[in-house]
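Written below as structure tokens is the structure these notes are about.
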There are 2 protein chains.
Amino acid sequence: MTIDKSLLTGSTTMLILKLLDESDMYGYQMIEELRKKSNNTFELKAGTLYPLLHTLEQKNMLTSYEETADNARVRKYYSITKKGRKHLSEKKEEWKAYTSAVNDVLGGATFATA
Amino acid sequence: MTIDKSLLTGSTTMLILKLLDESDMYGYQMIEELRKKSNNTFELKAGTLYPLLHTLEQKNMLTSYEETADNARVRKYYSITKKGRKHLSEKKEEWKAYTSAVNDVLGGATFATA
DNA sequence: CTCCATATGTAGATAATCTATATAATTATA
DNA sequence: TATAATTATATAGATTATCTACATATGGAG
């Protein structure tokens with residue numbers, strides 16, 4: 001298997017797809033969810049997320065629809081597609097291979113469990 | 001602890017420092033070592049490595065010296081400094097925190113061990 | 001002698017993310 | 001009720017890491 005060179009910088013895409021694999025969400029909600037699930041490690045910026053969502057939609061990994069919340073505020077929900085799920089699955093494999101390789105260099109099994 | 005935003009793209013620096021933490025090496029050797037230790041996952045390019053080594057030397061994380069090999073070829077060896085070791089230690093902590101956070105989002109303990 | 005591996009290096013391109021800025025509605029606060 | 005903070009989406013421009021491509025030169029194999 002070939003590791004995508006952009007995996008390091010591209011892990012944000014994987015995380016977004018993972019969130020949407022669990023349920024449809026709107027942008028602002030993704031930022032909050034990512035922050036919570038990672039124990040405040042990820043503070044994804046709006047300026048990073050929205051262009052990324054637009055790109056993923058163009059690539060047919062996501063579809064979107066607008067929905068009016070109780071308070072009459074309009075939110076844009078995103079839904080993962082079959083193509084998006086396939087991409088997520090591939091990225092997860094790459095992530096495992098990459099972290100495993102880094103841990104090998106950092107000292108093998110002794111490091112990862114330290 | 002705050003996670004360095006450039007950790008994703010910056011893991012190459014950590015890996016280079018780790019190699020030099022074990023023994024002095026010259027550039028070409030680092031590429032080979034990284035490839036071997038990672039089971040061919042990392043194919044670091046010369047165009048990535050050499051400018052990176054120069055930058056790390058400027059930042060006093062490394063020092064260098066030239067040595068003539070048996071075959072009369074001159075090699076430029078790099079040695080890690082105290083400052084470099086401190087930086088490596090910090091990067092390793094960030095790496096652990098980051099991968100842990102990603103794995104949390106990807107499904108917690110069930111993912112990492114799957 | 002020619003080709004390949006070794007060895008170091010720079011320039012320019014690409015891509016991911018960030019900061020800064022913009023807009024606007026809702027909710028909380030004084 | 002005015003004002004500030006939060007919610008919500010969006011774009012432009014800057015930064016940075018890495019890559020590809022190119023340049024140079026030596027040593028060893030055929």
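Chain A is the first sequence line, chain B the second, and so forth, proteins listed ahead of strands; every chain is numbered from 1.
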Nucleotide-resolved protein contact map, nucleotides 2-11 of chain C, B/S/- at heavy-atom distance under 4.0 Å
----BBBBB-
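- Proximity of the aromatic rings of Tyr50(B) and Tyr28(B) is defined here by a centroid distance below 6.0 angstrom, and this criterion is not met.
- Using modelled atom types, one finds no donor on one side chain facing an acceptor on the other under 3.5 Å when comparing Ser38(B) with Asp104(A).
- Test Thr63(A), Thr81(A), Leu62(A), Ile80(A) against Leu56(A) for side chain to side chain contact (heavy atoms under 4.5 Å, CB included) and you get one pass: Leu62(A).
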Audit row: Met14(A), Leu106(B), side-chain contact (heavy atoms from CB on, under 4.5 Å) steps and yes/no:
CA-CA 9 Å; Met14(A) 174 176 71; Leu106(B) 289 182; 4.0 Å; yes
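- Per the geometry, CG belonging to Leu44(A) stands 14 Å off P belonging to dA10(D), to the nearest Å.
- Summarising the geometry, the separation between CE on Met30(A) and P on dA10(D) is reported as 11 Å, rounded to the nearest angstrom.
- For Tyr98(B) and Phe42(A), the ring centers sit closer than 6.0 Å to each other.
- Between the CD1 atom of Ile16(B) and the P atom of dA17(D) there is a distance of 14 Å, given to the nearest Å.
- As a whole-Å value, the separation of Leu49(A) CG from dT11(D) P is 12 Å.
- Atom C1' of nucleotide dA16(C) and atom CG of Leu52(A) are separated by 9 Å, given to the nearest angstrom.
- From Lys37(B), atom NZ reaches atom CG of Leu34(B) across 9.0 Å, with rounding to the nearest 0.5 Å.
- Atom CZ of Arg35(A) is separated from atom P of dA8(D) by 13 Å (rounded to the nearest Å).
- Atom pair Phe42(B):CZ and dC19(D):P shows a separation of 11 Å (rounding to whole Å applied).
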